[in-house]
Amino acid sequence: MWIVPEREIAGLMTREAAFGAVEKVFAAMAAGDAYNFPVVREAIGHADALYGFKGGFDRAGQVLGLKAGGYWPNNLATHKIINHQSTVFLFDPDTGRPAAMVGGNLLTALRTAAASSVSIRHLARKDAKVIGMVGAGHQATFQLRAALEQRAFEKVIGWNLHPEMLPNIEKVAAEAGLPFEAVSLDGLRAADVIITITSSFAPSLMADHVSPGTHLACMGTDTKGKQEVEAALLARATVFADEIAQSVGIGEAQHAVAQGLIAEADIVELGAAINGTHPGRVSDDQITLFDGTGVGLQDLAVASAVVQLAIDKGIAIEVDV
Ligand code: NAD
């Protein structure tokens, strides 16, 4: 079995490799060649932690395994380590033997960024020039960096409930040589692509803050009760998801479906647009919205890619089990 420690991931995994792995596994999911197992998430009654497992099997890529981990809210203050902690375990699908153990913290950020990036590649207008950010926390910087590679963007605009955090994304824009403007929610009408990545439980972005032709990647809502955008926006949009069951259960679509504004059958797997079995965007004034809830197969895909990179570079540690 191979071990790839967390400390090695930054030097191994590229945004390009994460993009390729996530795009491929979304396509395999839509083709019926890969599926996620039911998610387990438990408040364990110790250290205020939420702990769980996200697993799956990608028959096309021959990747089997799970990500174990969760959220320890006191880690930073008490142990000086980040609150989100996860590890990916891969198994040989032919024998069930353990194949790899991989640090999952940075990989989670990269696979989440890759997901919105894949949605932009396949659904945003080709002439998109302005990208708008709702959210400016840890994950926002990853989402923006990956998104900027997908179109010839000329400007970044952003809104955040806590404006003092906006310099986080301004820095990413500056790295890419792009101007940044802090805007009101109304100002987001200037955006051709919008990424929402907040931990909000009430909508910030309303349907009339979004112009026709916009592509949205809604990435923050990954739990029951969370919500970033007005449910009416989903009724105005063609809605895509990484996994439809998760989108309806814990994603942004949970609210629009519960309110009867859209039906589960209206949601399209992003993989169908990748595979060409769904046309994706069909007009320049259509609003497309990707509900990215984060699936286990994304974690397995990037972990599998990084194990190969680590073996090729002689960095992976081999142990007998
Ligand atoms: P963070 O704590 O670094 O940032 C939180 C962001 O949410 C900040 O921009 C903050 O200003 C904003 N925010 C907080 N409360 C808000 C409110 N009430 N209304 C509007 N905005 C508010 O967190 P992060 O690591 O950047 O993660 C952001 C979200 O993304 C979390 O909800 C996390 O669970 C989710 N996430 C989703 C996936 C996925 O695959 N879909 C993966 C990783 C993280």
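Counting starts at 1 for both ligands and their atoms, following the listed order. Numbers here are sequence positions counted from 1. Heavy atoms only: backbone and side chains are in, while hydrogens, waters and symmetry mates are out.
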Undergrad: When the ring centroid of F240 is compared with that of H278, is the distance short of 6.0 Å?
TA: yes
Undergrad: Would you compute the distance between atom CG of L64 and atom CZ of F89 and round it to the nearest 0.5 angstrom?
TA: 13.5 Å
Undergrad: Kindly compute the distance separating CG (D291) from CG (L270), expressed to the nearest 0.5 Å.
TA: 11.0 Å
Undergrad: I'd like to know if R125 and D192 make a salt bridge, using a cut-off of under 4.0 Å between side-chain N and carboxylate O.
TA: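 Yes, charged N to carboxylate O under 4.0 Å.
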Undergrad: Taking only heavy atoms of the protein into account, state which residues are under 4.0 angstrom from an atom of ligand 1, in chain and number order.
TA: R111, T112, G135, A136, G137, H138, Q139, N160, L161, H162, M165, I197, T198, S199, S200, S204, M219, G220, D222, K226, G292, T293, G294
Undergrad: For the pair Q286 (side chain) and V282 (backbone), establish whether a donor and an acceptor sit closer than 3.5 Å, ignoring hydrogens and angles.
TA: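 Confirmed, Q286 side chain pairs with V282 backbone.
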Undergrad: So how far is it from K226 NZ to Q254 CD, rounded to the nearest 0.5 Å?
TA: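 If I round to the nearest 0.5 Å, the distance is 10.0 Å.
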